[in-house]
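Take a look at the structure set out below.
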Protein chains: 2
Amino acid sequence: MDVRPDGQRATLQDVADRAGVSLATASRVVNDGSRKVGKDLADRVNKAVAELGYTANLQARAVATGQSTMIGVALRDISDPYFSSIAAGLIEVADAGKLLVCMTSTVAHEDAEREYVALMRAQRARAVVLVGSRSDNTAARAALRAELDAFTRSGGRAACVGQNLLGVDTVLPENRAGAEALARALAALGHRRFAVLAGPRSLLTGQERTNGFRDGLRAWSVPLDPARVVHGDLSRDGGYQAMSEILAAGEPLPDCVFAVSDIMAVGALARLRSAGVDVPGDIALAGFDDIPTLRDVYPPLTTVRLPLRRLGEIAARLVLSDDAPQPRVVPVPGEVVLRDSTRPRPPAAREPEARPPATQPPATQPPARRPRG
Amino acid sequence: MDVRPDGQRATLQDVADRAGVSLATASRVVNDGSRKVGKDLADRVNKAVAELGYTANLQARAVATGQSTMIGVALRDISDPYFSSIAAGLIEVADAGKLLVCMTSTVAHEDAEREYVALMRAQRARAVVLVGSRSDNTAARAALRAELDAFTRSGGRAACVGQNLLGVDTVLPENRAGAEALARALAALGHRRFAVLAGPRSLLTGQERTNGFRDGLRAWSVPLDPARVVHGDLSRDGGYQAMSEILAAGEPLPDCVFAVSDIMAVGALARLRSAGVDVPGDIALAGFDDIPTLRDVYPPLTTVRLPLRRLGEIAARLVLSDDAPQPRVVPVPGEVVLRDSTRPRPPAAREPEARPPATQPPATQPPARRPRG
DNA sequence: TATTCTCGGGAAAGCCCTTTCCAGAATAAT
DNA sequence: ATTATTCTGGAAAGGGCTTTCCCGAGAATA
């Protein structure tokens, strides 16, 4: 194979020469299907291909045909299990469709997503998928929208996982509804004094989850003290730090802490443990996402399960289906999963004014289950 | 922008036409640097570029120049934090070098890696990185080597993270030495009866870690009962399952269980917990990798820390440096991290024949530290 | 037998760029 | 003033592929 004297890669012309056929014929054999080629000539071409170790140059093919097989994926942080799970779903579907997935981590700066879309436009990528919460930086968002617009206008497909703010196909995790259901479930367990570890101030996902949680409490007429909503990085250390602030605020401690992501919840758990506060004995703790890798932390974490792989799969499918040029939105509900980190609060400890919601009976809550004992 | 009547993407010829210059001049302006162009003409070209929203077709450029900016990465399972951490390191370095990272998950079948390398060859990728343990399927390995050979022979660079068996640049996590050091440390803590959750039978990383562990024990003249080495999938469920087998084998339980990966260890921990076996009270448990996401499991897991991000960074740098065409090997040591999951075994419980190694004093062990209190 | 169809093959135009080569102008050196 | 040296710009030849268009030969139809 690859017997060209100059050590260079064999070209289709080499194949054609060696087989004694024209370039056109060689091409037709290699892309078999486009048009028929006589058996004997085809055999000669295949022989030449094998002998030269020829592989078609996909870049050149893409230039010639004007269509690419690349799909670009930008996510905030590939090492975060939330994103890597979504990426896994995306890759699976894309691989099945014989597409090439290009990936970047946009941790760096706000503009990274826009730059990546521009790069994908230059690469003539078939599609681009943006994964992760939007921020409330509207200027950056406008720039991103413009870039996505240019991308789609030149024939590319675009989708995002997160908020529906970019004018493209969107997979929409129901952060607000999930957090609301969680709040109701926690209130139903008897918890009354809550704190929220809310993620970065500018990130919409954190805002949605916080607001949804507040709404859920409101249904039970349980207030959420704004002073007990502390912001922090959406990471283990962010959760640790935010929990520290709650502890530093002094007595009385909340009954229950809601961290807007499991990762933060784990950081909070570590902080509580180091302070000698027992979970769930002294304080209940809940997260969001149901990160698979964290299903075995102790105590098992109450959370809102999102089908992360599916988010990626859906996004990939949206972007690969060639129908429906107009932006579609696919909401994906979360499911409250009650585990041991939020045991029912013993009635003795409850405050007198606790009462179930009047307007909306608890029966409207999404089903809550306790998997894995 | 993009004002071409047919809605198609603007081409460099369009730019040249609109600016009233030749294609060559337009090209020179766009790739500024190759050759000087008069100020006025350059301005006209830039104006046309802006008006048309022109973006160079990178595929065509790659065909013309014969060099690509793509680097392919194949890893077993992107949703596994071990791999996603490595991927993060890779992406960071590649992004800094303005390279496009294409990624795939090769969970599916043994041949997936080979196919991906072939695909990268077809794409004329600049480099390819294979991340993950080799298996002992030598036939598949030979095929993979042949494909890598074809890839490098046609000018691509290749590297792998794992075993040095592919004849390409290799980042070599010191599985054996790490496991050996871990075994010594555990023996020094007083443990004598060990079990190993060894991962899939065919995966070399699991084999190396198991063998290294056995060696370490041998230094303390502690035997490892082959019946207590059970194989299982390199996953949470695999660890759970394997631990079940150990428990099913009946009394006496081992003092200490070594799972060849943290993920398996967590599964084992869940199994022990559900059986009412206390860790570390009744049994000690250790893992390998020191997955960041699992640093906060309870009890904190003794493990061998690998600098996962760095593995990816090193691999990326190997593949991007243009010197040294011959395959290089970069060994990366692990560091034993003793945490609470393996408390010292109380002397009362120790068996009489316990004794420190005669030939190699424990002082030769790598430094063991307990971070995070 | 004459006429129309396939059918298999090649020449060549195209895809969108880069880069070499060449020509003319402007500047420098003698 | 003449030659030699830059500079600038354009024409055109690539790069490696697909695909249209055309042509001759054999098959099918009348």
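Proteins get letters first, then strands, A, B, ... in listed order; numbering begins at 1 in each.
- Taking only side-chain nitrogens and oxygens, B:Tyr54 never comes nearer than 4.0 Å to OP1 or OP2 of C:dC16.
- For A:Arg35, whose side chain is taken as the heavy atoms from C-beta onward, the closest listed nucleotide among C:dC17, D:dG9, C:dG10 is C:dG10.
- Rounded to an integer number of Å, the gap from B:Arg44 CZ to D:dG9 C1' is 11 Å.
- Applying the 4.0 Å criterion to OP1 and OP2 of C:dG9, one finds that A:Ser22 has every side-chain N and O outside that range.
- For the pair A:Val330/A:Leu318, a side-chain contact is recorded, criterion being any heavy-atom separation below 4.5 Å from C-beta on.
- What you find for A:Val63 and B:Gln59 is that their closest heavy atoms are CG2-C, 3.7 Å.
- For the pair A:Thr170 (side chain) and A:Leu172 (backbone), a donor-acceptor distance under 3.5 Å is absent.
- With 3.5 Å as the limit, one finds no donor-acceptor pair spanning the side chains of B:Asp95 and A:Ser105.
- At a threshold of 4.0 angstrom between heavy atoms, the contacts of A:Leu41 are confined to the sugar-phosphate backbone, with no base atom among them.
- Here C:dC15 presents its P atom at 20 Å from CD of A:Gln123, a figure rounded to the nearest Å.
- Contact between the side-chain N/O atoms of B:Thr65 and the OP1/OP2 oxygens of C:dC17 is not found at any separation under 4.0 Å.
- Distances from the side chain of B:Val21 to the nucleotides D:dG10, D:dT18, C:dT18 place D:dG10 closest.
- Between the CZ atom of B:Arg61 and the C1' atom of D:dG16 there is a distance of 18 Å, rounded to whole Å.
- When the nucleotides C:dG9, D:dC17, C:dT18 are ranked by their closest atom to the side chain of B:Ala64, C:dT18 comes out on top.
- In the set C:dG9, C:dC17, D:dG10, the nucleotide with an atom closest to the side chain of B:Leu23 is C:dC17.
- Using a 4.5 Å heavy-atom threshold, the side chains of B:Asn137 and B:Ser202 count as separate.
- Contact annotation for B:Val63: base contact, defined as any heavy-atom pair under 4.0 Å involving a base atom.
- At the phosphate of D:dC17, neither OP1 nor OP2 sits under 4.0 Å from any side-chain N or O atom of A:Ser27.
- Backbone-only contact: B:Val37 has heavy atoms under 4.0 Å from sugar-phosphate atoms and none from a base.
- Residue-to-nucleotide proximity on DNA chain D shows that, of A:Ala24 and B:Gly38, the 5′-proximal contact is made by B:Gly38.
- Axis orientation changes by 40° from one end of the helix from C:dT1-D:dA30 to C:dT30-D:dA1 to the other, with each end axis drawn from 5 pairs and the value rounded to 10°.
- Following rounding to the nearest Å, B:Gln13 (CD) and C:dC17 (P) show an atom-to-atom distance of 10 Å.
- Between B:Leu12 atom CG and D:dG10 atom P the separation is 12 Å, expressed in whole Å.
- The base of D:dG10 lies close enough to the side chain of B:Arg28 for a donor and an acceptor atom to sit less than 3.5 Å apart.
- Between the P atom of D:dA27 and the NZ atom of A:Lys36 lies a distance of 15 Å, rounded to the nearest Å.
- Set against C:dG10, D:dT18, C:dT19, the side chain of A:Asn31 has D:dT18 as its closest nucleotide.
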Using salt bridge (charged side-chain N to carboxylate O under 4.0 Å, His left out), reason through A:Lys39 and A:Asp43 one step at a time and then give a plain yes or no. CA-CA 6 Å; A:Lys39 178 88 169 57; A:Asp43 285 348; 2.9 Å; yes
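- Side-chain atoms of A:Ser133 come within 3.5 Å of backbone N or O of A:Leu204 as a donor-acceptor pair.
- When heavy atoms are screened at a 4.0 angstrom cut-off, A:Ala56 is found touching the sugar-phosphate backbone but no base atom.
- Nearer to the 5' terminus of DNA chain D, by closest-nucleotide assignment, is the contact made by B:Gly20 (compared with the other of B:Arg124 and B:Gly20).
- Judged purely by atom type and a 3.5 angstrom limit, A:Arg9 uses its side chain to pair as donor or acceptor with the backbone of B:Ser154.
- The CG atom of A:Asn57 sits 6 Å away from the C1' atom of D:dG16 (whole-angstrom rounding).
- Side-chain N or O atoms of B:Arg141 include one that pairs as donor or acceptor with a backbone N or O of B:Ser135 at under 3.5 Å.
- In this entry the distance linking CG of A:Asp17 with C1' of D:dG16 reads 13 Å, nearest Å.
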